[in-house]
Every structure is written in C-alpha cells, then in structure tokens.
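Data first, discussion second: the structure below is written as structure tokens.
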There are 2 protein chains.
Amino acid sequence: MDQEFKKQETNPTGTGYLPGIAIDAVIFGFHKNELKVLLLTYKNTGFFALPGGFVHEDEDMNQAARRILLHRTGLKDIFLEQFYTFGDKSRHDTEPLKKIMAARGFFPGDNHWLLSRFVSVGYYALVDFTKALPTPDSISDSCEWFNLTDLPRLMQDHEHILAKALQTIQQDLDHKLIGFNLLPQQFTMGELQGLYETILNKKLIRAAFQRKMLGLGILERIAKKWTGGAHKAPYLYRFIPVT
Amino acid sequence: MDQEFKKQETNPTGTGYLPGIAIDAVIFGFHKNELKVLLLTYKNTGFFALPGGFVHEDEDMNQAARRILLHRTGLKDIFLEQFYTFGDKSRHDTEPLKKIMAARGFFPGDNHWLLSRFVSVGYYALVDFTKALPTPDSISDSCEWFNLTDLPRLMQDHEHILAKALQTIQQDLDHKLIGFNLLPQQFTMGELQGLYETILNKKLIRAAFQRKMLGLGILERIAKKWTGGAHKAPYLYRFIPVT
DNA sequence: TTATCATTGTAACATATTGATACAATATAA
DNA sequence: TTATATTGTATCAATATGTTACAATGATAA
C-alpha cells in the first residue's frame with residue numbers, strides 16, 4: 001500500500017478516486033501531559049502536513065479515513081470522527097504539491113487531477129500514544145509526533161484545519177467522553193485530569209474532578225499502581241464502555 | 001438564476017461546477033409551536049427532497065450554500081451552519097435523478113456528470129418563518145414548509161440527512177443559542193419556551209426556564225404584548241446580540 | 001361593574017451540582 | 001524512623017436547577 005501515491009501521481013485523470021475530494025486527518029495523541037499531533041514531512045521539501053489521502057471509487061468516505069489512519073498509525077478500531085469540511089476556493093494552491101512532486105523528479109501537466117481544486121473533509125482521531133507506530137510512506141521521509149505547543153509551519157490551510165479539530169475536541173470532551181481514547185487502558189486519576197487540563201488548557205479542581213469522574217459510573221478501580229514517586233500510590237482505573 | 005438546473009442538465013461534463021460535490025440544505029422554520037422544514041417536489045415525479053445545489057468553480061463552498069439558500073427562501077444574512085458531510089457509496093443511486101430528468105423530457109447519457117457519485121455537504125439554516133418566502137424553481141413544482149412531525153418520504157438519503165441536522169440543533173441549542181434565529185425579532189417568553197420544547201421534544205419547567213433565559217443577560221424586555229388571550233399580557237422580548 | 005378565568009412574572013424553598021478547604025492515609029527517600 | 005509529596009475523601013460554601021406557590025393582570029361573561 002506504499003504504492004498509493006505513485007498510483008495517484010502517475011494517473012493524470014485520477015481514475016479510481018473520487019475527484020476533488022481529499023481527506024485530512026488530525027491524529028491526536030497524549031504523552032507526558034502533552035497533546036501530540038502526527039505530522040508528515042515530504043521528501044526534500046521541508047513541508048509539514050497533516051496525513052491525508054483520497055477516497056476510492058468503491059469505498060465509503062469514512063472507510064477511506066480509516067484506511068488512511070491504518071497506514072499512518074498501524075491501528076485499527078480507532079476513535080475517528082468527521083468534524084468539518086473545508087471548501088474555500090482559497091485552498092486551491094498548487095505550488096506546494098508541485099514542489100513535492102518536483103522533488104521526486106515528477107513534473108505533472110497543469111491539468112493533472114492532483115492540481116485541481118479540492119474540498120477537504122477533516123477527521124480527527126484519538127489514539128493511544130503508546131500503541132501507535134507512526135509510519136512514513138514512500139513520499140514522506142518522516143511521520144512523527146509533534147507537541148501541539150511546538151508545531152512547525154504547516155502546508156496550505158492545515159494549521160486552520162488543526163485549530164478547528166482542537167476546538168472540536170474541546171467542545172466534545174465532556175459530552176462524548178472522548179478523552180479516554182487518548183489514554184492507555186489503565187491510568188491514574190492524575191493522568192486523566194492532566195489530559196483534561198491539557199486539552200482544555202486550564203486548571204481543574206482536583207477534588208471536584210475526581211468526584212465527578214467517579215460519579216459518572218464508567219470507571220472501574222483496578223489495583224494500586226506502584227510508582228517511583230515518594231508518595232501514596234494512586235489507584236489504576238479502567239474505562240468501562242457502556243453496555 | 002432559475003436557469004441553474006438547465007445549465008447543469010445540458011452540460012454533460014459539469015463544466016463550471018466542482019465535480020462530485022453537492023450541497024443539501026435543511027432549512028428549519030418555526031410556527032405555531034411546530035418545527036418546519038422546507039422541501040421541494042420535483043415536477044411530475046412526486047419526489048420530495050431537500051433543497052440543494054452545487055458549488056461553482058469560483059466560489060467558496062459556504063458561499064454556494066448561501067446562494068442556494070437565497071434562491072429558496074429569498075433571505076440573506078441567515079444563520080447557516082455546516083453540520084456533516086455524507087460520503088457513503090450507497091448514496092449513489094441514479095434512479096431518482098433519471099426519473100426527474102425524464103419527467104422533463106431529458107434523457108442523459110450514462111456518464112452525464114449529474115449521474116456520477118456525489119458526496120453531499122449538509123448545511124442547516126434557521127430562518128424566521130414569517131419572513132421566508134419559499135420559491136420553487138424551474139424544475140420543482142413546489143417548495144413548501146412541512147411539519148417535522150408529518151413528513152413525506154424523502155428522496156435518496158435525505159431523511160438521514162434531516163435526522164442528523166435535527167440531532168445537531170438539539171445538541172447545540174443551549175450552547176450556541178441558535179434558537180433565537182427561528183423566532184421573529186420580538187417574541188414572548190412562552191413562545192421561546194415553546195420553541196425549546198419543540199426542538200428538544202420535552203417539557204421544560206416554566207419558572208426555571210424563564211429564570212435561566214433572563215439570567216443569560218441577552219434578552220431585552222420591550223413592551224407589553226396585547227394579546228387576544230383572556231389572561232395577563234406577557235412581555236415582548238428582543239434578543240441582544242453580543243457586542 | 002364585577003366576578004371569573006387563564007396565564008404571566010417572580011418569590012421562596014428544596015435539591016443537586018460544583019468550588020474550596022482540610023485532613024488522614026501512604027509509598028518512597030533519607 | 002522521620003520527612004515529604006501526593007492521593008482519596010469528607011466537609012462546608014457557593015451556585016445552579018427543580019418545585020411549589022401566589023399575586024398581578026387582561027380578557028370574557030355575568
């Protein structure tokens with residue numbers, strides 16, 4: 001499946017793909033109290049970009065998003081949600097893509113399908129940082145986690161897409177309990193609170209947070225964690241999915 | 001602009017439009033404690049459908065949605081939000097469209113662009129029922145308000161799109177204060193509560209509702225309404241947009 | 001004119017939720 | 001053993017919401 005881009009590149013009319021529709025994925029992870037995003041670098045260009053792709057003629061758009069995710073993180077069964085579709089005409093900027101292709105020794109004609117105007121459907125994914133294995137493909141020399149607090153300049157309108165994704169998970173954090181998808185199966189209350197604080201970018205009250213989370217009735221207390229800290233050991237919790 | 005569909009129909013390759021991308025609009029209104037939706041009927045077919053259209057090559061997608069809205073309701077400056085993009089391959093069902101075109105005496109070739117697979121971007125609009133003027137165009141013999149509680153069968157996956165739109169406004173009702181867009185400039189507390197109850201499909205407590213709404217600090221009390229009811233006249237309120 | 005009626009606006013109290021503080025419990029390090 | 005930092009939870013305060021009640025009032029009909 002590393003051949004996907006070659007297939008797109010050497011196929012000037014885009015046969016087999018839905019025309020004019022791209023998918024961009026904002027893949028969030030969480031580690032050491034920092035929110036992370038998965039970004040690609042394109043070979044010999046220094047461009048940073050969100051992982052993305054196109055929809056096959058014979059697949060649902062949501063399937064396509066999962067396929068892209070699988071290739072980037074090696075993970076199936078991921079929490080994945082569509083959040084917005086970006087359709088401004090100002091998005092149509094062919095220069096970056098031309099440079100990426102040129103860096104690969106490929107010089108497409110002006111009406112190559114990849115150079116036409118695209119509408120991009122944004123998805124965000126929440127993955128367990130400890131399990132995801134970022135994998136660059138044939139056109140990117142890296143696929144890495146970046147701290148949200150320390151991002152490079154992104155290609156095209158990808159910074160805008162990322163900002164909208166972040167805003168979406170902030171709004172949905174409480175209601176959809178999406179936060180749990182960013183943690184490993186077992187976690188302490190402190191880690192959970194740290195996650196919430198990082199996403200919402202504000203301090204929460206420890207006692208109230210713990211009371212509320214336990215009150216939801218979706219956490220199971222497992223065992224004591226034995227830590228290296230010079231203090232009382234916290235419990236480990238596990239998320240109980242609704243039956 | 002009534003010529004829009006003719007332009008689409010007699011243009012087998014879809015020149016001037018973004019390929020494969022449609023817009024469907026769920027236009028909500030509110031009258032006499034009933035939620036309404038604007039639906040089209042296509043001539044000589046009996047098909048009911050959400051108003052929709054396509055994106056011009058030289059316009060933003062959100063602009064296109066506003067253009068479509070303007071043609072259907074005669075209203076500018078409407079509350080309009082994108083809520084989801086529908087991309088299942090099962091959406092690709094050409095039969096209804098073929099019948100619509102056939103009823104107009106037009107028989108497109110199998111690779112007419114309108115018969116290809118489309119991804120549809122859903123928008124919902126909230127309009128003041130007393131101001132909107134539904135206007136059918138050349139291909140529809142009607143464009144009318146329907147009660148949400150008494151809908152006909154809709155074309156393709158339009159029922160699904162409508163359901164998702166309703167779900168969205170239910171979720172956003174409190175947070176975005178979107179309800180006010182469905183009422184005329186002046187309204188009574190009872191009307192506002194009726195609107196909330198209709199959208200959320202549940203009874204609210206009158207005293208608590210009034211207290212909360214007034215507590216938001218976004219309502220201005222204007223004057224007494226002099227009604228025909230045999231009871232105390234309610235105040236009229238006006239929504240104060242945030243400065 | 002007056003009594004009746006339905007509905008409005010709001011007060012008053014009860015209950016529930018969240019904020020703030022305090023403190024015992026305890027795992028490690030010295 | 002003692003010092004220390006953090007956890008789990010109790011307690012009270014503040015705020016928000018649910019519930020009940022009642023005076024005010026604008027038609028309607030006697």
Side-chain angles (χ1 to χ4, degrees), chain A residues 32-33 170-177 179-180 183-240, chain B residues 32-33 170-177 179-180 183-240:
Chain A
K32 292 191 178 163
N33 266 350
Q170 284 173 341
Q171 283 168 359
D172 293 353
L173 185 56
D174 267 333
H175 189 257
K176 297 192 179 176
L177 301 172
F180 296 97
L183 291 173
Q185 273 218 317
Q186 304 186 358
F187 48 86
T188 67
M189 194 57 73
E191 286 164 351
L192 184 60
Q193 186 177 342
L195 170 62
Y196 269 68
E197 290 181 341
T198 305
I199 292 181
L200 299 176
N201 196 27
K202 70 172 181 184
K203 282 269 167 229
L204 300 176
I205 297 143
R206 191 175 61 89
F209 182 80
Q210 180 138 344
R211 181 177 53 200
K212 189 170 178 184
M213 284 300 145
L214 293 179
L216 292 173
I218 54 169
L219 290 185
E220 186 185 3
R221 188 173 281 176
I222 304 200
K224 289 276 185 161
K225 180 180 188 181
W226 98 102
T227 63
H231 52 73
K232 180 175 176 178
Y235 284 101
L236 285 171
Y237 297 89
R238 177 167 59 189
F239 178 60
I240 309 169
Chain B
K32 293 191 178 162
N33 267 349
Q170 285 173 342
Q171 283 168 0
D172 294 353
L173 186 55
D174 266 333
H175 189 257
K176 297 192 178 175
L177 301 172
F180 296 96
L183 292 173
Q185 273 218 317
Q186 303 186 359
F187 48 86
T188 67
M189 194 55 74
E191 287 164 351
L192 184 59
Q193 186 178 341
L195 170 63
Y196 269 68
E197 290 181 341
T198 305
I199 292 181
L200 298 177
N201 196 28
K202 69 171 183 185
K203 282 268 168 230
L204 299 175
I205 297 141
R206 191 175 61 88
F209 181 81
Q210 180 138 344
R211 181 177 52 201
K212 188 170 178 183
M213 285 299 146
L214 294 179
L216 291 174
I218 54 170
L219 291 185
E220 186 184 4
R221 187 173 280 176
I222 306 200
K224 289 274 185 162
K225 180 181 188 180
W226 113 102
T227 62
H231 52 72
K232 179 175 177 179
Y235 284 101
L236 286 171
Y237 297 89
R238 177 167 57 189
F239 178 60
I240 310 168

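First the proteins, then the strands, lettered A, B, ... as listed; each starts at 1. All values derive from a computational prediction rather than experimental measurement.
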**Item:** side chain to side chain contact (heavy atoms under 4.5 Å, CB included) evaluation trace for A/D174 with A/K212
**Value:** CA-CA 11 Å; A/D174 267 333; A/K212 189 170 178 184; 4.2 Å; yes
**Length of the CG-P vector between A/L236 and C/dA27, whole Å** = 13 Å
**Request:** State which residues pass side-chain contact (heavy atoms from CB on, under 4.5 Å) with A/D172; sequence neighbours excluded, sorted by chain then number.
**Result:** A/Y124, A/T168, A/K176, A/I178
**Asked** Could you give all pairs that pass the side chain to side chain donor-acceptor pair (under 3.5 Å) test and reach residues 183-199 of chain B, with sequence neighbours left out?
**Response** B/E191-B/K225, B/Q193-B/E197
**Message:** I need the CZ-C1' distance between B/F209 and C/dT10, as an integer number of Å.
**Reply:** 16 Å
**Complete:** So CG of A/L204 and CD of A/Q210: to nearest 0.5 Å the spacing works out to 12.5 Å
**Request:** Starting from C1' on C/dT8, measure out to NZ on B/K232 and report it in whole angstrom.
**Result:** 4 Å
**Request:** First locate atom CD of B/Q171, then atom CG of B/L200, and finally report the distance between them rounded to the nearest 0.5 Å.
**Result:** 11.0 Å
**Prompt:** Closest nucleotide of DNA chain C for A/A233 versus for A/R206: which of these residues is on the 5' side?
**Reply:** A/R206
With the criterion being N/O to N/O and under 3.5 Å, what pairs connect the protein with nucleotides 17-21 of chain C, and how long is each?
unit_1, atom_1, unit_2, atom_2, d
C/dG19, N7, A/R211, NH2, 3.0
C/dG19, O6, A/R211, NH1, 3.1

**Prompt:** Minimum heavy-atom separation for A/F180 to A/L219, with atom names?
**Reply:** CE2-CD2, 3.6 Å
**Prompt:** C/dG9 P sits how many Å from B/Q210 CD, rounded?
**Reply:** 5 Å
**Asked** How many angstroms lie between CD1 in A/I218 and CZ in A/F239, if you round to the nearest 0.5 Å?
**Response** 4.5 Å
**Prompt:** What's the shortest heavy-atom distance between B/I199 and B/Q170, and which atoms?
**Reply:** O-NE2, 2.9 Å
**Rounded to 10 degrees, the angle between the two terminal axes of the helix from C/dT1-D/dA30 to C/dA30-D/dT1, each from five pairs** = 10°
**Complete:** Taken in chain and number order and not counting sequence neighbours, the residues that satisfy salt bridge (charged side-chain N to carboxylate O under 4.0 Å, His left out) with B/R221 are none
**Fill in**
With a 4.0 Å cut-off (strictly under) to non-hydrogen atoms of chain B, the first and last hit nts on DNA chain D, 5' to 3', are D/dT17 to D/dT28
**Fill in**
Distance col, row A/M189:CE vs A/Y237:OH, nearest 0.5 angstrom, shows 4.0 Å
